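One structure is given here, and the rest of the page talks about it.
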There are 2 protein chains.
Amino acid sequence: MRKKDETKEPRILDATAEIILKEGAAAVSTVKVAKHVGISQSNVYLYFKDKDDLIMSVYRRELNKIDATGDLELATDQSIPVAKRVRGYIKAVYDFALANPDSLTLIQQVKFLLGQHDTNPFEDYPEHENVVISVLQEAIDAGVIKPVPVSLLMSMVFSVIHTHTLNLQKNRYASNDYDFETFYSLIWGGMKQE
Amino acid sequence: MRKKDETKEPRILDATAEIILKEGAAAVSTVKVAKHVGISQSNVYLYFKDKDDLIMSVYRRELNKIDATGDLELATDQSIPVAKRVRGYIKAVYDFALANPDSLTLIQQVKFLLGQHDTNPFEDYPEHENVVISVLQEAIDAGVIKPVPVSLLMSMVFSVIHTHTLNLQKNRYASNDYDFETFYSLIWGGMKQE
DNA sequence: GTTGACAAAGATAGCTCTATCTTTTATGAT
DNA sequence: ATCATAAAAGATAGAGCTATCTTTGTCAAC
């Protein structure tokens with residue numbers, strides 16, 4: 001009984017992620033991925049059911065990275081004032097984005113490609129999003145932040161921080177030109193209830 | 001000498017836009033577009049040089065719609081205080097987005113698809129963006145808004161308003177549940193210098 | 001070593017697509 | 001009515017891709 005190469009699956013995912021970042025999610029093909037890894041094209045199908053599975057696996061891996069950081073945990077601690085927990089959430093996204101500069105881009109790319117499908121495959125992975133949604137909703141109910149749709153708040157956080165990491169990658173400015181407080185005040189200043 | 005059908009080019013663009021909205025920009029093909037319009041596939045090439053030209057034309061048409069609204073003009077009026085001009089810019093984006101619910105999605109989709117190309121084709125169409133950038137930069141210089149990268153401010157405006165229009169399309173809430181002041185205070189509260 | 005089982009490569013059917021070249025059709029001008 | 005011209009359709013070459021089926025290779029157990 002022959003064993004599977006344990007390093008191969010992550011290498012396939014790495015190659016796929018690289019193609020997504022360089023050429024966009026639509027440009028992914030099993031041919032390119034295999035060539036990139038140095039294996040046969042059909043070999044990919046031994047590790048992933050089909051192309052969608054491959055791309056969704058890249059997506060899930062990035063989501064798991066977010067969960068694994070665990071910085072979100074203090075956002076759930078009910079003994080902390082809700083405003084501080086919102087700050088904890090924003091800080092967690094910020095830290096994660098800086099530590100994993102490509103993650104948000106990958107997530108966005110895959111969502112963009114597959115989010116148009118008839119059956120949205122993302123409804124199934126809202127675990128950590130639930131935490132975020134409930135904290136923000138709680139803050140709204142407590143009158144701490146403005147009563148606006150939570151989806152709006154989340155996309156604001158996401159876009160500000162993601163744009164910042166993209167700017168860093170493009171060397172539009174140095175990483176120490178702006179710190180967390182800059183972005184936090186930009187986001188919090190908007191959402192906080194006066 | 002036979003004349004070209006004047007309605008055909010816009011109909012081709014309409015079909016392309018529809019496909020982008022329904023299936024994503026990556027799903028556009030001349031075959032699908034032609035079938036959608038009810039013409040032969042090769043006929044598309046009489047109106048557009050190649051597929052990229054077709055997709056970029058959809059993009060340019062949406063940009064032109066923005067320019068055509070002209071609401072941005074009051075943002076350039078130097079006699080108005082800069083804070084009011086920033087508000088004018090945000091209002092212009094808001095009004096435009098509500099009047100053209102698909103425009104921002106189309107622009108985003110095309111940017112996402114072609115923005116990964118080696119040669120970025122978007123550098124050539126920054127006309128109205130220049131206006132926006134200079135107003136925001138002016139506001140920063142005047143100490144009216146926080147000294148953060150202008151790209152960050154723009155993506156914040158874009159994402160908040162775009163998310164709102166998407167929420168409306170998905171019927172997540174009614175259009176009169178929130179008004180412009182809601183979103184303006186969300187954005188302005190963040191960027192304004194205390 | 002032989003063998004069984006499975007990994008990996010190879011090969012291929014069948015599809016979609018782009019862009020061009022060729023043929024047909026429609027229309028404005030004479 | 002004829003003709004020139006360009007629009008439109010038709011046909012096709014050539015490429016890339018997916019997913020499956022077949023063959024080969026490799027390793028572990030005995």
Side-chain angles (χ1 to χ4, degrees), chain A residues 1-59 109-110 112-114 116-119 121, chain B residues 1-60 109-110 112-119 121:
Chain A
M1 158 97 152
R2 195 177 164 188
K3 272 192 300 187
K4 271 195 195 178
D5 186 342
E6 289 296 318
T7 74
K8 201 175 268 185
E9 184 181 313
R11 280 193 290 138
I12 293 172
L13 290 176
D14 290 344
T16 307
E18 202 169 320
I19 292 169
I20 293 175
L21 291 171
K22 239 190 288 187
E23 306 174 48
V28 171
S29 80
T30 55
V31 173
K32 279 189 205 164
V33 170
K35 198 165 291 177
H36 215 280
V37 178
I39 61 176
S40 71
Q41 181 256 350
S42 58
N43 198 189
V44 174
Y45 285 83
L46 216 69
Y47 293 85
F48 301 94
K49 184 184 157 294
D50 53 26
K51 205 178 82 168
D52 275 7
D53 181 33
L54 172 62
I55 292 174
M56 277 306 289
S57 297
V58 171
Y59 177 81
Q109 273 282 347
V110 175
F112 236 75
L113 183 74
L114 300 182
Q116 309 276 346
H117 279 10
D118 296 330
T119 57
Chain B
M1 156 97 153
R2 195 177 164 186
K3 271 194 301 185
K4 271 195 195 177
D5 185 344
E6 289 296 318
T7 75
K8 202 175 267 184
E9 183 182 314
R11 280 192 292 138
I12 294 172
L13 290 176
D14 290 344
T16 308
E18 202 170 320
I19 292 169
I20 292 175
L21 291 171
K22 239 190 288 186
E23 305 174 47
V28 170
S29 81
T30 55
V31 173
K32 281 188 205 164
V33 169
K35 199 165 292 179
H36 215 282
V37 178
I39 59 175
S40 71
Q41 181 257 350
S42 59
N43 198 189
V44 174
Y45 284 84
L46 214 71
Y47 293 85
F48 301 95
K49 186 185 155 290
D50 52 28
K51 204 178 82 167
D52 275 7
D53 182 33
L54 172 61
I55 292 174
M56 278 304 291
S57 296
V58 171
Y59 177 81
R60 269 186 257 108
Q109 273 284 347
V110 175
F112 236 74
L113 183 76
L114 300 182
Q116 309 277 346
H117 279 10
D118 297 331
T119 56

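Below, chains carry the letters A, B, ... as their sequence lines are ordered, and counting in each starts from 1. Values below: all heavy atoms of this structure, side chains included; hydrogens, waters and symmetry mates excluded. As the structure is a computational prediction, the values presented were derived from the model and not from experiment.
If you measure from atom CG of B:N43 to atom P of D:dA7, you get 9 Å, rounded to the nearest angstrom. Atom-to-atom, CG of A:L46 to P of C:dA5 comes out at 17 Å; the value is rounded to the nearest Å. Note: CD (B:E6) to P (D:dA8) measures 10 Å, nearest angstrom. Atoms CZ (A:R11) and C1' (C:dA8) sit 12 Å apart, rounded to a whole Å.
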So which protein N/O to nucleotides 16-21 of chain C N/O distances come out below 3.5 Å?
{"residue": "C:dC17", "atom": "OP1", "partner": "B:S29", "partner atom": "OG", "Å": "3.4"}
{"residue": "C:dT18", "atom": "OP1", "partner": "B:T30", "partner atom": "N", "Å": "3.3"}
{"residue": "C:dT18", "atom": "OP1", "partner": "B:K51", "partner atom": "NZ", "Å": "3.4"}
{"residue": "C:dT18", "atom": "OP2", "partner": "B:T30", "partner atom": "N", "Å": "2.8"}
{"residue": "C:dT18", "atom": "OP2", "partner": "B:T30", "partner atom": "OG1", "Å": "2.5"}
{"residue": "C:dA19", "atom": "OP2", "partner": "B:Y45", "partner atom": "OH", "Å": "2.6"}
{"residue": "C:dA19", "atom": "OP2", "partner": "B:K51", "partner atom": "N", "Å": "3.4"}
{"residue": "C:dA19", "atom": "N7", "partner": "B:Q41", "partner atom": "NE2", "Å": "3.2"}
{"residue": "C:dA19", "atom": "N6", "partner": "B:Q41", "partner atom": "OE1", "Å": "3.0"}

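Evaluation of the side chain to side chain contact (heavy atoms under 4.5 Å, CB included) rule for B:S40 yields B:S42, B:N43 as partners, not counting sequence neighbours. A:S29 meets the side chain to side chain donor-acceptor pair (under 3.5 Å) test with no other residue; sequence neighbours excluded. Listed by chain and residue number, nothing satisfies the salt bridge (charged side-chain N to carboxylate O under 4.0 Å, His left out) test with B:D50 (two or more places apart in sequence, or in another chain). In this structure B:D14 satisfies the side chain to side chain donor-acceptor pair (under 3.5 Å) test together with B:R61, sequence neighbours excluded.
Counting only heavy atoms from C-beta on, B:I39 has its side chain closest to D:dA9 among C:dA9, C:dA8, D:dA9.
To the nearest 0.5 angstrom, B:M56 atom CE is 12.5 Å from B:F48 atom CZ.
OP1 and OP2 of C:dA7 both lie 4.0 Å or more from every side-chain N or O belonging to A:K8. Applying the 4.0 Å criterion to OP1 and OP2 of D:dA8, one finds that B:Y47 has a side-chain N or O inside that range.
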In residues 32-39 of chain A, what donor-acceptor pairs under 3.5 Å come from side-chain atoms, sequence neighbours left out?
{"residue": "A:K32", "atom": "NZ", "partner": "A:E23", "partner atom": "OE1", "Å": "3.0"}
{"residue": "A:K32", "atom": "NZ", "partner": "A:A27", "partner atom": "O", "Å": "2.8"}

